[in-house]
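The structure appears below as structure tokens.
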Amino acid sequence: MASGKTATTVSAVPPPHAAIHRAVLAIPRGCVASYGEVAARAGLPGRARLVGRVLAAAGEAARLPWHRVLRANGQLAFPPDSAAFREQKRRLAAEGVILRGTRVDLGRHGWQCNLDAELWAP
DNA sequence: ACCGTGACGGTAT
DNA sequence: TATACCGCCACGG
């Protein structure tokens with residue numbers, strides 16, 4: 001580092017948001033994943049909150065399947081009376097993911113649910 | 001620089 | 001199953 005710039009160690013870690021985008025894109029259609037799962041899969045264990053921030057910052061223009069990301073307990077992360085909540089619920093329903101009460105059945109729609117469906121299918 | 005907030009999560013009660 | 005607590009950390013005031 002010739003110039004007196006802040007060294008920052010040459011190898012710098014890959015931008016967190018990039019890995020997160022990749023992890024979200026990897027969630028199969030009709031399936032869901034928790035913020036924590038996405039974080040872990042992005043190589044950022046324990047950074048669930050960051051996933052939320054990144055998704056919010058990404059916005060619609062990013063074309064990410066953000067609706068497939070929910071809380072670890074199966075609930076949507078938005079207030080039930082918010083527009084965002086309704087939109088997410090609508091998008092999930094369009095993929096066959098329905099809310100059982102206030103939450104999604106993770107056992108049925110969890111990560112890689114398509115594989116499970118294949119095992120159970122006739 | 002301190003502090004509250006939040007698209008969260010794991011554990012204990 | 002539901003609450004309570006605490007850890008986490010980027011941001012904004």
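So you know, we letter chains A, B, ... as the sequences are listed, proteins then strands, and number each from 1.
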Within the distance-only criterion (no hydrogens, no angle test), does the side chain of [X] pair as donor or acceptor with the backbone N or O of [Y] below 3.5 angstrom?
X	Y	value
E37(A)	S34(A)	yes
R29(A)	E95(A)	no
Q88(A)	V69(A)	yes

Closest non-hydrogen atom pair, A33(A) against I27(A) = CB-CD1, 3.7 Å
inquiry  = Is there a side-chain contact between F78(A) and L70(A) in this structure, where contact means two heavy atoms from C-beta onward sitting under 4.5 Å apart?
reply    =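 No, every pair of side-chain atoms sits at 4.5 Å or beyond.
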query = Does the side chain of R71(A) reach to within under 4.5 Å of the side chain of L76(A), using non-hydrogen atoms?
reply = no
Filtered N/O pairs between nucleotides 9-11 of chain B and protein, under 3.5 Å:
unit_1	atom_1	unit_2	atom_2	d
dG9(B)	OP1	Y35(A)	N	3.2
dG9(B)	OP1	G36(A)	N	3.0
dG9(B)	OP1	A72(A)	N	3.3
dG9(B)	OP2	A72(A)	N	2.8

task = Say whether L92(A) and L25(A) are linked into one hydrophobic cluster, either directly or through other cluster members, by side-chain heavy-atom distances under 4.5 angstrom.
result =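 Yes.
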List the atom pairs, with distances to 0.1 Å, where a side-chain N or O of residues 38-60 of chain A and a protein N or O form a donor-acceptor pair under 3.5 Å, not counting sequence neighbours.
unit_1	atom_1	unit_2	atom_2	d
E60(A)	OE1	R91(A)	NH2	2.9
E60(A)	OE2	W66(A)	NE1	2.8

ask   = Want to settle it: does G46(A) or R53(A) sit nearer the 5' end of DNA chain C, counting the closest nucleotide to each?
value =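 With G46(A) and R53(A) compared, the 5'-side residue is G46(A).
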key: chain A contact limits on DNA chain C, taken 5' to 3' with a cut-off of 4.0 angstrom to heavy atoms   =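 The contact span of chain A on DNA chain C goes from dA2(C) to dC11(C).
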inquiry  = Return the pairing partner of dT3(C) with a 3.5 Å limit on both distances, Watson-Crick or G-U wobble; otherwise return none.
reply    =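 Matched dT3(C) with dA12(B) under the 3.5 Å cut-off.
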